[in-house]
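Some notes on the structure that comes next.
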Amino acid sequence: MSKPDGSVVRQALIRSVPVMAGYVVLGIGFGILLRGAGYGVGWSFAMSLLIYAGSMQFVGVSLLAGGASLLAAALTTVMVNARHLFYSISMIGRYQNAKYKPYLIFALTDETYSILSDGSAPEGADPDLYRLLVSAFDQCWWVTGSVLGSLLGAVIPFSTQGIEFSMTALFIASFTQQWLTAKDRLPALTGLLGTLACLLAFGPERFLIPAMLLITLVLTLLRPRLGRREEAAR
Amino acid sequence: MNFGHSAALVAVMALVTMLLRFLPFLIFRAGKPIPPYVAYLGDVLPAAIIGMLVVYCLKDTVVTAAPYGAPEWIAAACVVGLQAWKRNSLLSILSGTVVYMLLVQLVF
């Protein structure tokens with residue numbers, strides 16, 4: 001390391017600022033929803049600390065409120081969070097010999113992945129320390145937002161009906177961004193249309209597993225076409 | 001609310017999420033090359049899964065009866081338009097959510 005630690009901290013903090021805004025706002029939305037379901041600030045704090053997966057926590061509010069079975073909760077978590085398998089797969093090489101590896105893996109959310117997956121660390125900074133700090137700052141923002149939301153939810157003077165759309169908006173924004181920057185739009189299109197077809201065929205209660213199978217199948221069949229382009233792009 | 005069951009639900013969600021994040025690191029040990037098929041899936045699946053989650057979030061939207069999912073369509077169009085224009089995710093998410101809240105509370 002050629003620079004003192006203070007500059008790594010500053011660089012990681014700066015890198016996590018865009019995530020801060022999003023996590024605090026979405027965390028507040030989560031805290032408000034959870035309080036609305038009858039679960040106070042201790043629950044917001046525990047869920048954001050231990051689960052630390054935004055969309056799953058939103059879905060978790062309805063699992064808690066509806067008193068879901070443990071098996072249903074486990075299956076739902078697999079379906080909603082299966083994409084993390086693939087984030088991890090694409091980071092195996094990068095995190096191979098990383099220090100702080102267990103926490104880096106635990107804290108690999110969509111947003112942290114999107115910051116760290118390009119593999120760049122500031123010049124002169126210890127890459128492992130930088131990744132640790134970015135990951136930890138991100139989780140701090142998320143926990144802070146959740147706790148704030150729970151506290152605000154008790155005193156907020158206007159109706160929060162419709163705030164659950166923040167989760168939908170999050171995915172639509174990611175999808176749009178991805179659509180505009182992707183070198184190939186077929187994977188995104190496969191996910192959207194394949195899921196829509198399964199929703200129409202199987203209904204809103206049981207379409208998610210068929211959708212995941214169909215998506216994997218279609219992408220496997222597209223591999224001769226997409227895989228070659230991936231190779232060429234490298 | 002049943003405290004014990006709720007705590008167990010949170011524990012299950014936390015453990016399964018952790019398992020999903022750690023599993024690839026346990027299966028594909030360092031040093032061994034990742035099978036090309038798995039690497040390919042790692043490249044193309046994230047984009048597809050985001051598409052899937054968009055549909056998942058909108059799964060309970062009723063499009064066959066009034067207001068035909070109008071609040072969802074309008075708010076979603078705001079998010080897409082703003083994102084394409086400004087490329088600022090937080091701005092798109094916040095604006096779309098506020099538009100949706102105003103629509104369901106005041107208009108529809």
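Here is how names work: the chains are called A, B, and so on, in the same order as the sequence lines, proteins then strands, and each is numbered from 1.
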Geometric class of the A:Y103/A:F106 ring pair [parallel <30°, tilted 30-60°, perpendicular >60°]: tilted

Segment of A:T181 engaging chain B (4.5 angstrom heavy-atom cut-off): side chain

Exam field: side chain A:Q139 to backbone A:L49, donor-acceptor pair closer than 3.5 Å: yes

Chain B contact via A:I215 - which portion, at a heavy-atom distance below 4.5 Å: side chain

Reported OG-to-CG distance for the pair A:S88 and B:L23, which is rounded to 0.5 angstrom: 9.0 Å

Ring geometry between A:Y23 and A:Y52 (parallel below 30°, tilted from 30 to 60°, perpendicular above 60°): perpendicular

Which of B:N2, B:T17, B:L94 touches chain A most, by non-hydrogen pairs under 4.5 Å: B:T17

Among the listed options A:S174, A:G60, A:G67, A:A68, the residue most often paired with chain B at heavy-atom distances under 4.5 Å: A:A68

B:Y40 side chain vs A:L219 backbone, donor-acceptor pair below 3.5 Å: yes

Contact list for residues 64-77 of chain B, test side chain to side chain donor-acceptor pair (under 3.5 Å), sequence neighbours left out: B:E72-B:Y100

When B:A11, B:G96, B:A75 are compared by non-hydrogen pairs under 4.5 Å with chain A, the top option: B:A75

For chain A, the option from B:I93, B:L103, B:V98 that forms the most heavy-atom pairs under 4.5 Å: B:I93

Audit row: A:Q57, A:W142, side-chain hydrogen bond (donor to acceptor under 3.5 Å, both in side chains) steps and yes/no: CA-CA 11 Å; A:Q57 288 178 229; A:W142 177 245; 3.1 Å; yes

Segment of A:V59 engaging chain B (4.5 angstrom heavy-atom cut-off): side chain

Proximity breakdown for A:A182 and chain B, heavy-atom pairs closer than 4.5 Å: neither

Residue, of A:M212, A:Q161, A:R185, A:Q178, that accumulates the most heavy atom pairs under 4.5 Å with chain B: A:Q161

Contacting moiety of A:F207, where chain B heavy atoms sit under 4.5 Å: side chain

Greatest number of heavy atom pairs closer than 4.5 Å to chain B - which of A:V25, A:L180, A:L50: A:L180

Interchain contact, A:W43 with chain B, by part (heavy-atom threshold 4.5 Å): side chain

Among B:R21, B:H5, B:R87, residue most engaged with chain A (heavy-atom pairs, under 4.5 Å): B:R21

A:L222, part contacting chain B, at a heavy-atom distance under 4.5 Å: both

Under 3.5 Å side-chain donor-acceptor pair for A:T220 and B:Y37: yes

Proximal component of A:L64, with respect to chain B [non-hydrogen, under 4.5 Å]: both

Choice from B:L20, B:V16, B:V54, B:I49 maximising heavy atom contacts with chain A below 4.5 Å: B:L20

Side-chain donor/acceptor of A:Q177 to backbone N/O of A:A173, under 3.5 Å: no

